[in-house]
Amino acid sequence: MMKVYLSVLLLSLGALVAEAQQKCTGSPRMYNGKPCVSTTRYADSRKGACGCGPHDNDNQFPWNSYGLVAAANQNLFDPSGGKWCGPVCGKCFKLTTTGGFVGGHGGATAEGQSKIFMVTNDCPNEWPNLSWCNQQGLHSVNQYGYNVHFDLENGHNQITGMGWDNPEVTWEWANCDEGHGQDGRTPNYGMYKQCQCRHTNTK
């Protein structure tokens, strides 16, 4: 009985520590009136679920490998569960760091840093993404209380090179061309027209 009690206590303390490192509050989490998302990073040499690579192989276009691109959680990528050419393929969003992070899964990043990313991949509701990308339904949240999650491409250290260590961020939709003008690593709409799923975003 004592072992069970101690295990529950340790789990509760761990949850409190993680909570203390997150600046966003509520359910779903918000910060300064804007919706928050959790982020992770990954390295993937494949073209991804928006088909942003050559037709004759599964490689990425260079801009999809070196650029500011991301995989969106399944519920945002395609609420119907589709894993190819989701409705948000080729759309861009602005992330702004809150200064917070999920305890045990990242580190502090200075508040107020903004970058614009393009969706070129899906973060499916399956292992190893279950704790991050398992949202289902309009107001559902993941294990850490976020309604949306973005897995950021880091194949060439473009994320860690900015000093981002899985930061907690706010998010909002953005214009890809404007983002490209601010930072050439953000793909523009012309680049996305090279992708196999270009019909999902006719901007």
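This one's a predicted model, so the numbers in the text were calculated from it and none came from an experiment.
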Pair Phe61, Val69 - check side-chain contact (heavy atoms from CB on, under 4.5 Å), show working. CA-CA 12 Å; Phe61 289 132; Val69 298; over 6 Å; no
Atom of Pro28, atom of His139 and distance for their closest heavy-atom approach: CG-O, 4.3 Å
Can you tell me how far apart CG (Asp177) and CE (Met191) are? Round to the nearest 0.5 Å. 9.5 Å
Looking at Trp173, I'd like to know if the NZ or CZ of Lys91 sits under 6.0 Å from its six-membered ring centre while staying within 45 degrees of the ring's axis. yes
Heavy-atom closest pair, residues Gln136 and Asn125: NE2-ND2, 3.0 Å
I'd like to know if the side chain of Glu153 reaches the main chain of Gly155, judged simply by a donor and an acceptor atom lying under 3.5 Å from each other, with no hydrogens or angles considered. yes
Quick one: closest heavy-atom pair of Asn64 and Cys52, and the distance? ND2-O, 3.3 Å
For the residue pair Glu172 and Lys34, establish whether any side-chain heavy-atom pair is separated by less than 4.5 Å. yes
Using only heavy-atom distances, determine whether the side chains of Tyr31 and Glu111 contain a donor-acceptor pair under 3.5 Å. yes
Less than 4.5 Å apart, side chain to side chain, heavy atoms only: is that true for Lys94 and Gln182? no
With a 4.5 Å cut-off on side-chain heavy-atom distances among I, L, V, M, F, W and Y, is there a chain of contacts connecting Leu76 to Val119? yes
Least distance between heavy atoms, Cys85 atom then Phe77 atom: N-CZ, 4.1 Å
Sub-4.5 Å side-chain heavy-atom contact between Arg185 and His180: no
Among Trp164, Trp132, Trp171, Phe117, which residue satisfies the ring pair (Phe, Tyr, Trp, His ring centres under 6.0 Å) criterion with Phe150? Trp171
Is there a side-chain contact between Pro124 and Lys83, using heavy atoms and a 4.5 Å cut-off? yes
For Lys115, enumerate each residue passing the salt bridge (charged side-chain N to carboxylate O under 4.0 Å, His left out) test, keeping only those at least two apart in sequence or located in another chain. Asp183
Same cluster or not: are Tyr66 and Leu68 linked, directly or through other Ile, Leu, Val, Met, Phe, Trp or Tyr residues, by side-chain heavy atoms under 4.5 angstrom apart? no
Validation row: Val169, Thr96 side chains within 4.5 angstrom (heavy atoms): no
Leu95 with Ile159, same ILVMFWY side-chain cluster at under 4.5 Å: yes
To check you understand the geometry: which heavy-atom pair defines the closest contact between Thr186 and Cys176, and what is its length? CG2-O, 4.1 Å
Is there a donor-acceptor contact under 3.5 Å linking the side chains of Asn147 and Ser140? no
Within the side chain of Gln135, is there an N or O that forms a donor-acceptor pair under 3.5 Å with the backbone of Asn75? no
To the nearest 0.5 Å, how far apart are CD in Gln143 and OG in Ser131? 5.0 Å
Hey, does Thr170 have a side-chain heavy atom less than 4.5 Å from the side chain of Val37? no
Which residue pairs pass the side chain to side chain donor-acceptor pair (under 3.5 Å) test with at least one member in residues 39-56, sequence neighbours excluded? Thr40-His149, Thr40-Asp151, Arg41-Asp165, Arg41-Asn166, Tyr42-Asn121, Asp44-Arg46, Lys47-Gln196
For residues 98-110, dump all side-chain donor-acceptor pairs below 3.5 Å to protein atoms at least two apart in sequence or in another chain.
from	atom 1	to	atom 2	distance (Å)
Thr98	OG1	Gly100	N	3.0
Thr98	OG1	Glu168	O	3.3
Thr98	OG1	Glu168	OE1	2.7
His105	NE2	Tyr144	OH	3.1

Should side-chain heavy atoms under 4.5 Å link Ile, Leu, Val, Met, Phe, Trp and Tyr, which residues sit in the same cluster as Val141? none
Pairs in or reaching into residues 97-164: which pass disulfide bond (SG atoms under 2.5 Å apart), with residues at least two apart or in two chains? Cys123-Cys133
Kindly confirm or rule out an SG-SG distance below 2.5 Å between Cys195 and Cys89. no
For the student: nearest non-hydrogen atoms of Asp122 and Gly82, plus distance: OD2-O, 4.4 Å
Using a 4.5 Å cut-off on heavy atoms from C-beta on, say whether the side chain of Trp84 contacts that of Asp78. no
Is there a continuous path of hydrophobic side-chain contacts, each under 4.5 Å between heavy atoms, that joins Val148 to Tyr146? no
Could you please spell out the steps behind the side-chain contact (heavy atoms from CB on, under 4.5 Å) verdict for Asn142 and Ser38? CA-CA 9 Å; Asn142 63 17; Ser38 49; 3.1 Å; yes
If you define the side chain from C-beta out and look only at heavy atoms, does anything of Tyr192 sit under 4.5 Å from Arg198? yes
Any residue meeting salt bridge (charged side-chain N to carboxylate O under 4.0 Å, His left out) with Glu178, in chain and number order, not counting sequence neighbours: none
